[in-house]
Amino acid sequence: MGERLNHLWRIFGTGLSFLAFGLGGLALRLLVFPPLQWCVRDPLRRRRLVRRTVQRSFAAHVELMRRLGLLTYEIRHRERLQRDGLLILANHPTLIDVVFLVSLLPNADCVVKSAVARNPFMRGPVQAAGYVSNDDGAGLVEDCIAAVKAGGNLVIFPEGTRTVRGQPPKLQRGAANIAVRGRLDVTPVRLSCTPMTLGKGEKWYRVPTRRFHVVVDVQEDLPIARFLDAAEPGTGGDAAAARRLTDYLTNHLFV
């Protein structure tokens, strides 16, 4: 009987956490970000404040889920994220991966869909935070490189979507192209969730039989030089380097 009640509570708590996330996002858009845009004239300072506000709200959401008894978590080598100008490449097992990562990054940068960037409710916050818009492929790579070199911590999931349970990861080369063309070292992050939940195509109310445990393992930086040829940036050697980096991530970090 106790296990059944616990399971029902976690279904309720999961729904409550999703509701809280949506309402919190709405409150930020309507009540917090507009005053920041009006009162803080310096765009760089405003961007930092917006990003830190997002970080703290995501950290509060993780804590809410923990207090509701939905999850436990462990952060390994957190100190490796306490720097600016990182290209963070992570696997993507669950829906809440981005929440965990951004909660650890006071200067997180993200790639948002162009439709979101044009949305009248989202345009202001997205512009204030300086997030990268994915308007076009070629421009996206250059924008991502510029974002990292400007000091932002850019979070990218090379798979482009959540991993399908039971299937090997399929990485796209966009993230590797950013690293290679920008000559940017990579900070890999391996995320795991046990037992698995909130995966690709899974209903939110299909909660596991016990609290799930999330591990965020920040790996040592991966020097991009080891994947490069002697060719200059923008030459044909970059494509081969991107393939090598993608293969390495697939075989060593996203298994």
Going only through I, L, V, M, F, W and Y residues with side-chain contacts under 4.5 Å, is there a path from Leu26 to Leu31? yes
Residues 243-252 vs salt bridge (Lys or Arg N to Asp or Glu O under 4.0 Å), sequence neighbours excluded, gives Asp229-Arg244
Between the side chain of Asp97 and the main-chain N/O of Thr94, is any donor-acceptor distance below 3.5 Å? yes
Any donor and acceptor pair, going by atom type alone, linking the side chain of His7 with main-chain N or O of Glu3 inside 3.5 Å? no
Considering only NZ, NE, NH1 and NH2 on the basic side and carboxylate oxygens on the acidic side, decide whether Asp84 and Lys149 come within less than 4.0 Å.
no
Connected to Leu23, directly or through other members, by ILVMFWY side-chain contacts below 4.5 Å are Leu19
Tightest non-hydrogen contact, residues Ala241 and Leu228, listed as CB-CD2, 4.0 Å
Rounding to 0.5 Å, atoms CZ (Arg181) and CD1 (Ile145) come to a distance of 5.5 Å
| query | Between Asn153 and Leu105, is there a donor-acceptor pair closer than 3.5 Å when you use the side chain of the first and the backbone of the second? | reply | no
Exercise. After noting the C-alpha distance and the side-chain angles of Ile75 and Leu81, does the key distance pass the side-chain contact (heavy atoms from CB on, under 4.5 Å) rule?
Worked result: CA-CA 11 Å; Ile75 312 296; Leu81 295 179; 5.9 Å; no
| said: So Tyr248 and Leu222, do their side chains get closer than 4.5 Å, heavy atoms only? | reply: yes
Exercise. Hey, does Lys200 have a side-chain heavy atom less than 4.5 Å from the side chain of Arg165?
Worked result: no
- Side-chain donor or acceptor of Trp9 paired with backbone N/O of Leu68 under 3.5 Å: yes
Checklist entry - Do Asp109 side-chain atoms and Ala147 backbone N/O form a donor-acceptor pair below 3.5 Å? => result no
message = Between Arg173 (side chain only) and Leu245 (backbone N and O only), is there a donor and an acceptor less than 3.5 Å apart?
response = no
Q.
Over 60° means perpendicular and under 30° means parallel, so tell me whether Phe100 and Tyr73 are parallel, tilted or perpendicular.
A. perpendicular
Could you go through Val40 and Gln37, starting from their C-alpha distance and side-chain angles, then the distance that decides it, and tell me whether this counts as side-chain contact (heavy atoms from CB on, under 4.5 Å)?
CA-CA 6 Å; Val40 182; Gln37 290 180 282; over 6 Å; no
Between the CD1 atom in Ile156 and the NE2 atom in His92, the distance rounded to the nearest 0.5 Å is 12.5 Å
Requested in this report: Kindly determine whether Thr194 and Arg210 satisfy side-chain contact (heavy atoms from CB on, under 4.5 Å), including the steps that lead there.
Outcome: CA-CA 9 Å; Thr194 309; Arg210 58 184 172 87; 4.1 Å; yes
When rounded to the nearest 0.5 Å, the distance separating CD of Gln172 from CG of Asn177 is 11.0 Å
Output for pair (Arg78 CZ, Glu74 CD), nearest 0.5 Å, gives 11.0 Å
| Charged N-O contact under 4.0 Å between Glu202 and Arg162 | no
Enumerate, atom names and distances included, each donor-acceptor pair closer than 3.5 Å involving a side-chain atom of residues 52-66, sequence neighbours excluded.
{"unit_1": "Thr53", "atom_1": "OG1", "unit_2": "Leu49", "atom_2": "O", "d": "2.7"}
{"unit_1": "Gln55", "atom_1": "NE2", "unit_2": "Ser103", "atom_2": "O", "d": "3.2"}
{"unit_1": "Ser57", "atom_1": "OG", "unit_2": "Thr53", "atom_2": "O", "d": "3.3"}
{"unit_1": "Ser57", "atom_1": "OG", "unit_2": "Val54", "atom_2": "O", "d": "2.8"}
{"unit_1": "Glu63", "atom_1": "OE1", "unit_2": "Arg66", "atom_2": "NE", "d": "3.1"}
{"unit_1": "Glu63", "atom_1": "OE2", "unit_2": "Arg66", "atom_2": "NE", "d": "3.4"}
{"unit_1": "Glu63", "atom_1": "OE2", "unit_2": "Arg66", "atom_2": "NH2", "d": "2.6"}
{"unit_1": "Glu63", "atom_1": "OE2", "unit_2": "Arg67", "atom_2": "NE", "d": "2.9"}

In short, salt bridge (Lys or Arg N to Asp or Glu O under 4.0 Å) pairs touching residues 33-47 with sequence neighbours left out are none
Rounded to the nearest 0.5 angstrom, the SG-CZ distance for Cys110 and Arg51 is 8.0 Å
Heavy atoms of Leu104 and Gln82 approach each other most closely as O-NE2, 3.5 Å
| Considering only heavy atoms from C-beta outward, does the side chain of Phe157 approach that of Leu101 to under 4.5 Å? | yes
- Sub-4.5 Å side-chain heavy-atom contact between Leu86 and Leu154: no
Sequence neighbours left out, cut at 3.5 Å: what donor-acceptor pairs do the side chains of residues 212-220 make with other protein atoms?
{"unit_1": "His213", "atom_1": "ND1", "unit_2": "Thr72", "atom_2": "OG1", "d": "2.7"}
{"unit_1": "Asp217", "atom_1": "OD2", "unit_2": "Gln219", "atom_2": "NE2", "d": "3.1"}

Review point. Can Tyr205 be reached from Phe21 by stepping across I, L, V, M, F, W or Y side chains whose heavy atoms are under 4.5 Å apart?
Key: yes
Q) Looking at side-chain heavy atoms only, is the closest gap between Thr187 and Leu89 below 4.5 Å? A) no
Those residues at least two apart in sequence (or on a different chain) that pass side chain to side chain donor-acceptor pair (under 3.5 Å) with Thr209 are none
Given the options Arg80, Arg83, Arg226, Asp221 meets salt bridge (charged side-chain N to carboxylate O under 4.0 Å, His left out) only with Arg83
Is it true that the side chains of Thr163 and Glu159 contain a donor and an acceptor less than 3.5 Å apart? yes
Pro208 versus Met196: any side-chain heavy-atom pair under 4.5 Å?
no
> Under a single-linkage definition using a 4.5 Å side-chain heavy-atom cutoff for Ile, Leu, Val, Met, Phe, Trp and Tyr, are Leu28 and Phe18 assigned to the same hydrophobic cluster?
Replying inline: yes
In one Ile/Leu/Val/Met/Phe/Trp/Tyr side-chain cluster, 4.5 Å: Leu184, Ile224:
yes
Non-hydrogen side-chain atoms of Asn91 and Pro169 separated by less than 4.5 Å
no
- Item | In one Ile/Leu/Val/Met/Phe/Trp/Tyr side-chain cluster, 4.5 Å: Trp204, Phe12 | yes
Rounded to the nearest 0.5 Å, the SG atom of Cys193 sits from the CD1 atom of Ile96 at a distance of 6.5 Å
Side-chain contact, heavy-atom cut-off 4.5 Å: Thr246 with Pro158?
no
